[in-house]
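Right, one structure below, let's go through it.
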Amino acid sequence: MRNEQIPDFSFFPPPGYLWLIDRGLVGFDPFSGLQPWHYLDKKNSFSVNERWPGKDLLDTDLIAFAKRQDSDDLACFKVHISEAVAIVIVNGWTSNGYDIITEYQSFWEWLKSVVDDIAEWVELPVV
């Protein structure tokens, strides 16, 4: 059964994106399985290029699919010719519209960084 929250992408997302949903390892709300990250649902996923135009990305589109709940960081599929070719982390809602923070060559490379974010989140001292 297809999850009704999954955005209608115009491309095939990397297999790992759906794999995490199928196994219940990630959710579409803050404080879900990959906290501090969560997926953006159908109504909140968007094209970064359309929301904040002005950067020349050489025939690529950045589609926001996840958000870090404690910041304005977004994980985006970097789409080129209807294929997700990388994951780009952007800081949104800046004076420039957005700033590119880093790029991962694969979904799994991004997910490894998410595990580091989870560890940091869990180990934060309670004040």
Side-chain angles (χ1 to χ4, degrees):
M1 183 168 114
R2 180 162 168 85
N3 186 318
E4 296 299 319
Q5 293 179 297
I6 298 173
D8 297 321
F9 297 119
S10 62
F11 58 92
F12 289 110
Y17 172 84
L18 295 173
W19 188 88
L20 291 177
I21 294 170
D22 290 345
R23 282 151 185 84
L25 297 173
V26 67
F28 291 93
D29 298 308
F31 304 104
S32 62
L34 290 181
Q35 183 182 6
W37 288 92
H38 64 278
Y39 278 176
L40 297 173
D41 61 18
K42 188 179 288 192
K43 67 181 180 207
N44 291 306
S45 181
F46 61 93
S47 168
V48 170
N49 309 63
E50 290 176 12
R51 180 163 295 178
W52 300 303
K55 296 189 193 284
D56 183 15
L57 295 177
L58 302 173
D59 299 324
T60 61
D61 196 10
L62 298 178
I63 306 297
F65 73 90
K67 184 176 185 316
R68 186 170 166 141
Q69 69 189 54
D70 61 342
S71 70
D72 287 332
D73 290 355
L74 299 162
C76 305
F77 293 123
K78 182 178 182 180
V79 180
H80 179 72
I81 311 174
S82 299
E83 180 183 356
V85 296
I87 305 297
V88 176
I89 305 301
V90 303
N91 180 253
W93 300 277
T94 68
S95 59
N96 299 325
Y98 69 96
D99 297 315
I100 294 175
I101 297 172
T102 192
E103 182 171 330
Y104 299 101
Q105 297 307 306
S106 73
F107 180 85
W108 299 112
E109 189 179 334
W110 169 73
L111 187 59
K112 288 175 188 176
S113 77
V114 168
V115 171
D116 290 339
D117 292 343
I118 293 168
E120 180 182 296
W121 183 273
V122 170
E123 300 298 328
L124 281 175
V126 177
V127 183

Across all chains, not counting sequence neighbours, the ring pair (Phe, Tyr, Trp, His ring centres under 6.0 Å) partners of F46 are W52
Next on the checklist: Once ring pair (Phe, Tyr, Trp, His ring centres under 6.0 Å) is applied, do any residues pair with F12, and if so which ones, sequence neighbours excluded?
Outcome noted: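 Counting only residues at least two positions away or on another chain, F12 forms no ring pair (Phe, Tyr, Trp, His ring centres under 6.0 Å).
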Do [X] and [Y] have side chains that approach each other closer than 4.5 Å (heavy atoms only, starting at C-beta)?
X    : Y    : answer
F28  : N44  : no
L74  : L40  : yes
I63  : C76  : no
I21  : Y39  : yes
V79  : F9   : no
I100 : I89  : no
L34  : I118 : yes
F107 : W19  : no

request  = Just do the side-chain contact (heavy atoms from CB on, under 4.5 Å) check on I6 and Y17 with the steps written out, would you?
outcome  = CA-CA 10 Å; I6 298 173; Y17 172 84; 4.2 Å; yes
(message) For V85, is there any backbone N or O sitting under 3.5 Å from a side-chain donor or acceptor partner on H80?
(response)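 Not confirmed, H80 side chain does not pair with V85 backbone.
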Worksheet item: Just by modelled atom types, is the Q105 backbone N or O under 3.5 Å from a matching donor or acceptor in the E109 side chain?
Response: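 Answer holds: yes.
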Can you name the closest pair of heavy atoms from [X] and [Y] and give their distance?
X   : Y    : answer
I87 : S106 : CG1-O, 3.8 Å
S45 : P7   : CB-CG, 3.6 Å
N49 : T60  : ND2-O, 3.4 Å

Going by salt bridge (Lys or Arg N to Asp or Glu O under 4.0 Å), name the pairs with one or both residues in residues 29-50, residues two or more places apart or in two chains.
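Output for this query lists D8-K42.
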Next item on the list: Scan residues 64-83 for pairs that pass salt bridge (Lys or Arg N to Asp or Glu O under 4.0 Å), counting only residues two or more places apart or in two chains.
Entry: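 Qualifying pairs, neighbours excluded: R68-D70, R68-D117, R68-E120, K78-E103.
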Are V122 and W37 co-members of a hydrophobic cluster defined by side-chain heavy atoms under 4.5 Å apart?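 Per the 4.5 Å side-chain linkage, W37 and V122 are co-clustered.
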Practice item. Report yes or no: do F77 and I101 belong to one cluster of Ile/Leu/Val/Met/Phe/Trp/Tyr joined by side chain heavy-atom distances under 4.5 Å? Key: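 Same cluster: F77 reaches I101 through Ile, Leu, Val, Met, Phe, Trp or Tyr contacts under 4.5 Å.
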Taken in chain and number order and not counting sequence neighbours, the residues that satisfy side chain to side chain donor-acceptor pair (under 3.5 Å) with N96 are D99
- What pairs with Y104 under side chain to side chain donor-acceptor pair (under 3.5 Å), at least two apart in sequence or on another chain?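 Testing Y104 for side chain to side chain donor-acceptor pair (under 3.5 Å), a comparison that skips the adjacent residues, returns S113.
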- Message: Which label fits W110 and F65: parallel for a plane angle under 30°, tilted from 30 to 60°, or perpendicular past 60°?
- Response: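 Ring orientation of W110 relative to F65: perpendicular.
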message = One pair to check against side-chain contact (heavy atoms from CB on, under 4.5 Å): F31 and Q69. What are the steps and the verdict?
response = CA-CA 8 Å; F31 304 104; Q69 69 189 54; 3.1 Å; yes
